[in-house]
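Below you'll find the structure, written out as structure tokens, and then a few comments.
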Amino acid sequence: MAGIYIHIPFCKSKCAYCNFFSVVSEKQRVDFLDALQKEAVARKDYLGGEEAKTVYFGGGTPTVLDAFEIRKVLEVLRNNYKISAAAEITLEANPDTVSKESLMAYKSLGINRLSIGIQSFFDDDLQYLSRKHDSKHAMQVLKWANEVGFQEVTLDLIYGIPTLTDEKWRKNLEIFFSTGFNHLSAYALTVEEKTALGQRINKGMAAPVSEDATIHQYEILCEMTKNQGFEHYEISNFARPGHYSKHNTIYWKGEKYLGLGPSAHSFDGVSRQWNVASVKDYCDNYSFEREELTLYDRYNEYVMTSLRTCWGCDMEFIKIHFGEEYVKRFKNLTKKHILSDKMCQKDEKFVLNDYGMLFADGIAAELFM
Ligand code: SF4
């Protein structure tokens with residue numbers, strides 16, 4: 001399986017916690033679209049003729065672009081790549097940039113999955129994060145998404161926000177369940193020092209994040225989604241059976257993907273490549289960096305990503321790709337995590353449970369070569 005990611009770098013404003021590459025100025029919008037189409041043509045052999053089963057418009061805020069602009073990008077992709085007729089085509093959308101009409105127009109292009117950045121249904125949380133929309137509009141957008149009839153809709157929610165009580169978090173999840181949507185991405189708020197929020201917290205102008213409160217809200221999340229029949233298939237992702245994100249599964253299973261646009265990453269099975277993170281440089285003189293992955297890199301990446309998923313680390317896979325010695329070492333180092341009830345072994349697969357996922361990064365780091 002292979003996928004294509006397109007990074008749309010524009011946002012209407014910068015959220016205080018944001019650590020993604022995005023810009024507020026749209027003055028290079030036309031040049032960007034031009035450069036994006038050129039890059040798509042220039043790299044048409046990257047997937048080696050493999051059929052793309054997914055296309056994902058992420059950002060930034062892809063819905064800053066109108067349907068006419070998105071159509072141009074899709075046309076270039078369809079003319080230069082083998083895109084499966086049944087491809088999952090996802091568009092990330094922020095509530096402040098969509099209307100019912102724009103959603104209908106995107107759907108008419110073949111976009112069949114919408115990922116809406118809601119974050120919270122409470123205005124004080126949205127203000128803490130400096131999101132541009134309010135809860136009333138967020139509810140309206142969910143209603144439109146249902147009326148327009150997207151095949152798949154997923155919401156992004158954030159927990160661990162200092163203004164978010166457990167009661168409000170439960171309410172956010174209840175509102176999500178009431179929509180009938182089948183997929184949820186729920187992220188713990190992480191604060192990077194160089195973001196506006198990081199600086200505000202450092203200066204004592206914003207409340208800091210509490211680790212205990214975040215862990216408790218993660219537990220609420222795991223319990224409530226389970227009670228509603230959702231499967232916790234990746235550390236931050238929950239879906240009803242049959243509704244997993246096909247695109248993100250490509251990343252988590254180490255399959256090939258092509259990333260187009262500034263800062264986008266690509267992976268061809270043996271090397272990683274990442275585009276320059278500047279709209280100006282991307283438009284003026286497209287450049288990228290590339291890293292050939294060593295055996296250790298590939299092993300470490302496999303351990304890190306697979307431990308975050310419900311598929312876990314597969315000893316058969318490790319034996320075939322890295323050798324018996326790696327299997328022995330893995331089993332030795334994970335004994336204590338099985339004894340402490342963080343991990344279980346199902347046949348030759350080692351999987352973290354909900355509790356263990358809280359320690360996923362630390363456990364992976366212990367296992368790294
Ligand atoms: S909308 Fe998303 S990408 Fe844009 S600034 Fe906010 S968090 Fe960052």
Side-chain angles (χ1 to χ4, degrees), residues 5-29 32-33 36 56-66 69-70 73 90-99 102-103 106 113-135 137-138 140-142 145 153-164 172 183-201 206 209 214 236-237 245 247-248 251 259-265 274-280 282:
Y5 172 82
I6 302 114
H7 191 81
I8 309 296
F10 306 114
C11 286
K12 288 291 172 194
S13 64
K14 192 79 182 168
C15 304
Y17 62 100
C18 180
N19 197 30
F20 301 113
F21 173 67
S22 69
V23 295
V24 174
S25 164
E26 286 172 43
K27 68 172 191 260
Q28 283 198 288
R29 182 173 175 144
F32 161 73
L33 275 168
L36 182 63
Y56 192 103
F57 288 89
T61 305
T63 43
V64 162
L65 300 186
D66 60 31
E69 291 165 314
I70 297 280
V73 181
T90 304
L91 181 72
E92 281 184 358
N94 275 324
D96 56 300
T97 52
V98 294
S99 61
S102 70
L103 291 180
Y106 294 132
R113 187 169 183 270
L114 203 59
S115 170
I116 311 176
I118 296 290
Q119 319 313 349
S120 175
F121 291 103
F122 292 93
D123 287 340
D124 54 344
D125 303 332
L126 294 170
Q127 280 154 15
Y128 180 92
L129 299 171
S130 322
R131 296 292 300 198
K132 212 163 156 44
H133 65 276
D134 61 20
S135 57
H137 189 62
Q140 183 65 67
V141 170
L142 300 193
V153 180
T154 174
L155 301 192
D156 280 2
L157 292 177
I158 295 180
Y159 59 94
I161 308 168
T163 47
L164 181 74
N172 274 343
H183 192 284
L184 171 69
S185 297
Y187 302 98
L189 178 62
T190 48
V191 181
E192 303 286 340
E193 200 142 333
K194 62 180 193 306
T195 60
L197 181 59
Q199 288 170 14
R200 265 185 230 160
I201 291 174
V209 172
T214 303
S236 308
N237 285 278
S245 160
H247 186 78
N248 288 341
Y251 300 149
L260 302 171
S263 82
H265 285 228
W274 54 100
N275 287 351
V276 60
S278 152
V279 178
K280 187 175 183 311
Y282 177 75

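Whatever order the structure lists them in is the order used to number ligands and atoms, beginning at 1.
What sits closest to atom 2 (Fe) of ligand 1 on the protein, heavy atoms only, is R131 NH1, 4.0 Å.
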Give every donor-acceptor pair under 3.5 Å between a side-chain atom in residues 190-198 and any protein atom, sequence neighbours left out.
| from | atom 1 | to | atom 2 | distance (Å) |
| --- | --- | --- | --- | --- |
| K194 | NZ | N19 | OD1 | 3.2 |
| T195 | OG1 | E192 | O | 2.6 |
| T195 | OG1 | G198 | N | 3.1 |

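Inter-residue side-chain proximity for V141 and H137 is flagged as met; some heavy-atom pair is nearer than 4.5 Å. You'll find the side chain of L189 reaches within 4.5 Å of the side chain of L129, heavy atoms only.
Using a 4.0 Å cut-off to heavy atoms of N94, the atoms of ligand 1 that qualify are 1 (S). Heavy-atom contacts of S13 reach the following atoms of ligand 1: 5 (S) (cutoff under 4.0 Å).
Every salt bridge (charged side-chain N to carboxylate O under 4.0 Å, His left out) that K12 has, sequence neighbours left out, goes to E26. With sequence neighbours left out, D124 forms a salt bridge (charged side-chain N to carboxylate O under 4.0 Å, His left out) with K168.
Taking the six-membered ring for Trp and the full ring otherwise, the centers of F10 and F32 sit less than 6.0 Å from each other.
Closer than 2.8 Å to atom 8 (Fe) of ligand 1 sit the protein N, O or S atoms C18 SG.
Residue F20 holds its CZ atom at 10.5 Å from OG of S263, rounded to the nearest 0.5 Å.
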